[in-house]
Chemist: 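The structure that follows is given in the form of structure tokens.
Residue numbering restarts at 1 for every chain, and letters A, B, ... go by the order of the sequence lines. Computed from a predicted structure; not experimentally measured.
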Amino acid sequence: MAGAGPPHYAPWPPPPGHNPPSMIDVDEVRTIFILGFPPDAKERELQNLLRWWPGYEASQMNFKGEQPMGFALFSSAAAAMAAKDALQNLVFDYETNSTLRAEMAKKNLYVKRGVTGMGTEAQLFDQSKRLRTAGDYTPHYGPPGPFGAPSPASWVPQSYGMPPLQSAAQPLVTPVAPVGYVPMQNMKDNPPCNTLFVGNLGENTSEAELRGIFSGQPGFKQMKVLRQGRNTVCFIEFVDVNSAVAVHNNLQGAIVTSSDRGGMRLQYSKNPFGRKRDFMNNQDGGAPGVTTSDTST
DNA sequence: AGCACA
């Protein structure tokens, strides 16, 4: 059971101008990081472990590597340290003999406004601006725009004072903002659906860049990259059609730095995710795409 | 100008 639905997903990225840095003492580290979880620990378990602690604000589980790493942000350094001590050597799971270790982090956990530990660290840039910084083909890790979002790497702790744990703490995804756009005429497209097809990608297009671009988009679910000789294509699934439509429009022609063809072409997929049953049953020779199921009215 | 996976 998935419970009562998604708790607090932000349906759309916050507009620019959020999180005024002057409001908070940014110098004070009030984040702890926690190790020792069993490999199957869930982010929700971390949240539920900490949510009643005084001053708890947000947490996040990082699943790089063998064992999950938890990060938790508190309202003050004192609250963070108290929680750190409370968690120290806590037996998390008797079956797997998992004992937690906690330390102060080097940097504070970066939390998107309104999101507490939901694990999507990729930042959105202001899509309405259609940043056109062509000339600069340096991959930007973080938007060049009005608000520079810190790369997730910036808050990954350096693990000092403890045995060499996961010093290889890498970000799961490095957010990538397109450096610019080229006009893209989209000749034949398909009816809107929850899956986008990405074309006009060169053979050495980096999957990491694509993931950096798309995984932070609102409603992103999963993506798959396909190499086809000197072409690369990519499928991106979204939670709903509206999310796909937004990205289809906003990122059309966005420049993919690792591609040698400039802008990407975004189309709706012919075979969207989650439709297998439908189109398998529609073998009556009728027009594909016309389904008998009605989702509206 | 290229549409996989369930």
Side-chain angles (χ1 to χ4, degrees), chain A residues 1-3 5-6 9 40 42 63-64 119-120 122 130 134 137 139 172-174 176 178-296:
Chain A
M1 270 171 284
Y9 286 106
D40 61 343
K42 301 288 186 296
F63 293 99
K64 176 78 183 187
T120 42
R130 283 268 156 157
Y137 278 68
L172 297 171
V173 175
T174 302
V176 173
V179 295
Y181 296 83
V182 295
M184 183 64 58
Q185 63 276 34
N186 210 349
M187 302 311 289
K188 28 181 190 190
D189 206 337
N190 303 297
C193 62
N194 72 338
T195 305
L196 293 183
F197 173 86
V198 189
N200 198 38
L201 298 171
E203 53 189 329
N204 37 31
T205 301
S206 121
E207 170 161 355
E209 183 180 6
L210 291 176
R211 194 165 291 278
I213 291 173
F214 289 111
S215 66
Q217 299 297 325
F220 171 90
K221 248 179 122 176
Q222 58 170 314
M223 59 170 273
K224 184 174 185 61
V225 173
L226 222 72
R227 308 280 179 181
Q228 298 177 329
R230 54 169 21 94
N231 285 328
T232 298
V233 297
C234 176
F235 298 90
I236 306 142
E237 186 194 6
F238 294 87
V239 294
D240 56 18
V241 180
N242 286 342
S243 303
V245 170
V247 171
H248 180 279
N249 298 333
N250 285 329
L251 289 181
Q252 190 66 264
I255 290 174
V256 181
T257 310
S258 56
S259 169
D260 53 6
R261 305 196 193 165
M264 63 171 103
R265 170 169 33 254
L266 290 175
Q267 297 173 291
Y268 299 108
S269 173
K270 293 173 189 168
N271 303 312
F273 278 97
R275 290 282 175 80
K276 50 208 167 193
R277 229 47 204 262
D278 284 358
F279 82 85
M280 288 303 282
N281 291 341
N282 281 350
Q283 291 170 345
D284 49 46
V290 177
T291 57
T292 51
S293 63
D294 193 2
T295 54
S296 62

Chemist: Kindly give the heavy-atom pair with the smallest separation between A:Met223 and A:Cys234, and that separation in Å.
Modeler: CE-SG, 3.7 Å

Chemist: Using atom OH of A:Tyr268 as one end and atom P of B:dG2 as the other, report the distance to the nearest whole Å.
Modeler: 20 Å

Chemist: Calculate the interatomic distance between A:Asn190 atom CG and B:dA4 atom P; express it in whole Å.
Modeler: 13 Å

Chemist: Taking the nucleotide of DNA chain B with the closest heavy atom to each, which residue, A:Gln222 or A:Thr232, is nearer the 5' end?
Modeler: A:Thr232

Chemist: Measure from the side-chain N and O atoms of A:Glu207 to the backbone N and O of A:Val225, and report whether any donor-acceptor pair falls under 3.5 Å.
Modeler: no

Chemist: Centres of the A:Phe197 and A:Phe235 rings: under 6.0 Å?
Modeler: yes

Chemist: Output the rounded distance in Å from CG (A:Leu226) to C1' (B:dA4).
Modeler: 6 Å

Chemist: Do side-chain atoms of A:Gln222 reach the backbone of A:Glu237 as a donor and acceptor pair under 3.5 angstrom?
Modeler: no

Chemist: Rounded to the nearest angstrom, tell me the gap between atom NZ in A:Lys270 and atom P in B:dA1.
Modeler: 12 Å

Chemist: Among all residues two or more places apart in sequence or in another chain, which pass the side-chain hydrogen bond (donor to acceptor under 3.5 Å, both in side chains) test with A:Thr195?
Modeler: none

Chemist: Ignoring hydrogens and angles, are the base of B:dG2 and the side chain of A:Gln267 linked by a donor-acceptor pair under 3.5 Å?
Modeler: yes

Chemist: Do side-chain atoms of A:Lys221 reach the backbone of A:Gly219 as a donor and acceptor pair under 3.5 angstrom?
Modeler: no

Chemist: Is the backbone N or O of A:Ala244 less than 3.5 Å from a side-chain atom of A:Asn194, with the two atoms forming a donor-acceptor pair by type?
Modeler: no

Chemist: Quick check: any donor-acceptor pair below 3.5 Å linking the side-chain of A:Arg227 to the base of B:dG2?
Modeler: no

Chemist: Does the aromatic ring of A:Phe273 sit over the six-membered base ring of B:dA6, closer than 5.5 Å centre to centre and tilted less than 30°?
Modeler: no

Chemist: What is the separation between atom CZ on A:Arg230 and atom P on B:dA1, rounded to the nearest whole Å?
Modeler: 11 Å

Chemist: Tell me the interatomic distance from A:Arg265, atom CZ, to B:dA1, atom C1', rounded to whole angstroms.
Modeler: 5 Å

Chemist: Please give, in whole Å, the distance from B:dA1 P to A:Met184 CE?
Modeler: 13 Å

Chemist: Roughly, in whole Å, what's the span from CG in A:Leu266 to C1' in B:dG2?
Modeler: 14 Å

Chemist: Want to settle it: does A:Lys224 or A:Arg261 sit nearer the 5' end of DNA chain B, counting the closest nucleotide to each?
Modeler: A:Arg261

Chemist: Categorize A:Glu237 for me: base, sugar-phosphate, or nothing, with a 4.0 angstrom heavy-atom threshold over every strand shown.
Modeler: nothing

Chemist: Go through residues 195-202 of chain A and report each residue with a non-hydrogen atom lying under 4.0 Å from DNA chain B, sorted by number.
Modeler: A:Thr195, A:Phe197, A:Gly199, A:Asn200

